[in-house]
Asker: 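Following this message is one structure expressed as structure tokens.
Excluded from the calculations below are hydrogen atoms, water molecules and symmetry mates; all remaining heavy atoms, backbone and side chain alike, are included.
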Amino acid sequence: MSEIKSRNNIAQSIKRLVLAALFCALAYVATILTSWIKVAGFLTFDTKDTLITIAGLILGPIYAAVISFIVSLIEIIVNPETGFWGFLMNFLSTAAFSSVCALIYKYKKNFKGAIIGLVASVFSMTAMMVILNLFVTPLYTGMPMETIASMIPTLFLPFNFTKAVLNAALVLMLYKPISRALKAAKIIGVSEENAKAVDGSDKTATKKPLLTNLLVLGIGLVFVALSVVVFIVVLGGKFTFIA
């Protein structure tokens, strides 16, 4: 019996590692395909935080931090322009966003926990980037700290806050569909409690969340649209379609 349990544990660990590797690849692809708005010529939006946070919600906060590190490392290897300091800021901002959300959700696994986690992530990442912009950005841009400090309230703070809100909205919209697909494919576990809802055999379980899912989708779309408007109209961002 213990041998069977041990084999099952090994199989589950392998599945989790494979899933983590898949999310690493998807997150890096997202940095290439979704760096579609540039603000002030050098601040770029991408959706890797969305995918890494979803990975964290499924696999746990440690995985979120590790995936954040690996994807940031791949980025700096492929595109070393920003050097070590750019890598550090990239890693810490993504880890702050994804790990905080995953940590809260780990101990409160319901819709309320997800919302609290995402709100905490938005403010954690924004606060982290204010500190990093103030003390690290001058090191690799060569700009005086006073100049960077003057740009924080008008550029860096609204940019990072809007970027965090946009990623939070995308997580809200995409987490459930992705987790359901992974459960249906038996890539991740599904509890007996919601097994019927996942495979669709329990019609009463699927009717009730429908309105909630549509409401979540609608709210997510509104925040995505508002974020894009802020990027373009308020911050003067431009579409580049270049990573």
Side-chain angles (χ1 to χ4, degrees), residues 27-28 30-53 68-69 71-76 78-101 117-173 219-243:
Y28 178 68
T31 65
I32 299 172
L33 298 181
T34 62
S35 295
W36 38 274
I37 296 179
K38 284 189 183 294
V39 174
F42 65 96
L43 296 174
T44 306
F45 168 77
D46 64 68
T47 58
K48 74 172 182 296
D49 290 4
T50 297
L51 291 163
I52 295 173
T53 303
S68 299
F69 180 83
V71 175
S72 299
L73 188 61
I74 294 171
E75 284 187 77
I76 199 66
V78 174
N79 185 19
E81 288 180 10
T82 57
F84 170 77
W85 296 117
F87 158 76
L88 183 67
M89 292 181 69
N90 197 8
F91 163 60
L92 291 177
S93 66
T94 300
F97 186 89
S98 59
S99 298
V100 166
C101 184
L118 287 171
V119 171
S121 291
V122 168
F123 287 101
S124 296
M125 178 196 157
T126 304
M128 174 69 76
M129 287 307 297
V130 167
I131 295 168
L132 292 173
N133 284 139
L134 186 60
F135 294 104
V136 178
T137 301
L139 296 176
Y140 76 87
T141 61
M143 298 173 69
M145 185 181 289
E146 293 76 14
T147 303
I148 296 297
S150 68
M151 296 168 68
I152 286 177
T154 58
L155 178 62
F156 292 116
L157 179 59
F159 172 81
N160 288 309
F161 182 77
T162 305
K163 178 180 176 180
V165 168
L166 202 159
N167 272 295
L170 291 174
V171 172
L172 195 64
M173 293 166 59
I219 291 171
L221 287 172
V222 168
F223 275 101
V224 168
L226 287 173
S227 299
V228 172
V229 169
V230 171
F231 274 131
I232 296 172
V233 177
V234 179
L235 297 176
K238 295 181 180 179
F239 286 96
T240 61
F241 299 100
I242 298 173

Asker: Please round to the nearest 0.5 Å and tell me the distance separating atom OG of S93 and atom CE of M129.
Answerer: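 Going from OG on S93 over to CE on M129, the span is 5.0 Å.
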Asker: About how many Å separate CG of L235 and CZ of F45, when rounded to the nearest 0.5 Å?
Answerer: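 With rounding to 0.5 Å, CZ (F45) is 13.0 Å from CG (L235).
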Asker: Listed by chain and number, what are the side chain to side chain donor-acceptor pair (under 3.5 Å) partners of S98, not counting sequence neighbours?
Answerer: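 S98 satisfies side chain to side chain donor-acceptor pair (under 3.5 Å) with S68 once adjacent residues are dropped.
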Asker: Determine, stepwise, if the pair V71 / T94 fulfils side-chain contact (heavy atoms from CB on, under 4.5 Å).
Answerer: CA-CA 10 Å; V71 175; T94 300; over 6 Å; no
Asker: Working to the nearest 0.5 angstrom, can you tell me the gap between T53 OG1 and L172 CG?
Answerer: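 That separation rounds to 12.0 Å.
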Asker: If you take all heavy atoms of A30 and T47, which pair is closest and at what distance?
Answerer: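 Scanning both residues completely, I find the closest heavy atoms to be CB-OG1, 3.4 Å.
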Asker: Starting at CE of M128, measure out to CZ of F97 and round the result to the nearest 0.5 Å.
Answerer: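 Reported value, rounded in 0.5 Å steps: 13.5 Å.
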Asker: Before you tell me yes or no, could you show the steps for L170 and V224 under side-chain contact (heavy atoms from CB on, under 4.5 Å), namely the whole-Å CA-CA distance, both residues' side-chain angles and the distance that decides it to 0.1 Å?
Answerer: CA-CA 7 Å; L170 291 174; V224 168; 3.9 Å; yes
Asker: Would one find more than 12 heavy atoms of other residues, nucleotides or ligands at under 6.0 Å from atom CZ of F223?
Answerer: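 At most 12 heavy atoms, drawn from other residues, nucleotides or ligands, come within 6.0 Å of this atom.
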Asker: Out of V100, D49, T126, which residue meets the side chain to side chain contact (heavy atoms under 4.5 Å, CB included) rule with S121?
Answerer: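 The side chain to side chain contact (heavy atoms under 4.5 Å, CB included) with S121 is passed solely by V100 among V100, D49, T126.
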Asker: Report the residues that fulfil side chain to side chain donor-acceptor pair (under 3.5 Å) with T50, sequence neighbours left out, ordered by chain and then residue number.
Answerer: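 If we apply the side chain to side chain donor-acceptor pair (under 3.5 Å) test to T50, skipping adjacent residues, the hits are N167.
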Asker: Is the F69 ring parallel, tilted or perpendicular to the F91 ring (thresholds 30°, 60°)?
Answerer: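 Perpendicular: the ring planes of F69 and F91 meet at over 60°.
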Asker: Tabulate below the donor-acceptor pairs under 3.5 Å that side-chain atoms of residues 157-165 make, not counting sequence neighbours, or state none.
Answerer:
residue : atom : partner : partner atom : Å
N160    : ND2  : N133    : OD1          : 3.3
N160    : ND2  : F156    : O            : 2.9
T162    : OG1  : P158    : O            : 2.6

Asker: Give the C-alpha distance, both sets of side-chain angles, the deciding distance and a yes or no for side-chain contact (heavy atoms from CB on, under 4.5 Å) between L132 and T137.
Answerer: CA-CA 7 Å; L132 292 173; T137 301; 5.9 Å; no
Asker: Can you give each donor-acceptor pair under 3.5 Å made by side-chain atoms of residues 83-90, sequence neighbours left out, with the distance rounded to 0.1 Å?
Answerer:
residue : atom : partner : partner atom : Å
N90     : OD1  : K48     : NZ           : 2.9
N90     : ND2  : E75     : OE2          : 2.9

Asker: Looking at every non-hydrogen atom in both residues, tell me the closest pair between A149 and P153 and how far apart they are.
Answerer: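 Closest pair (atom of A149, atom of P153, distance): O-CD, 3.4 Å.
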Asker: Please find the pair of heavy atoms, one from M143 and one from P138, that lie closest to each other, and give the distance.
Answerer: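 Scanning both residues completely, I find the closest heavy atoms to be O-CB, 3.3 Å.
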Asker: How close do A168 and V122 get, counting heavy atoms only, and between which atoms?
Answerer: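 Residues A168 and V122, closest heavy atoms: CB-CG2, 3.9 Å.
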Asker: Can you name the side chain to side chain donor-acceptor pair (under 3.5 Å) partners of S227, sequence neighbours left out?
Answerer: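 For S227 there are no side chain to side chain donor-acceptor pair (under 3.5 Å) partners, ignoring immediate neighbours.
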Asker: Rounded to the nearest 0.5 Å, what separates atom OG in S99 from atom CD1 in I52?
Answerer: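 Output value for this atom pair is 9.0 Å.
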Asker: Sequence neighbours excluded, which residues qualify as side chain to side chain donor-acceptor pair (under 3.5 Å) partners of S72?
Answerer: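 Side chain to side chain donor-acceptor pair (under 3.5 Å) list for S72, sorted by chain: empty.
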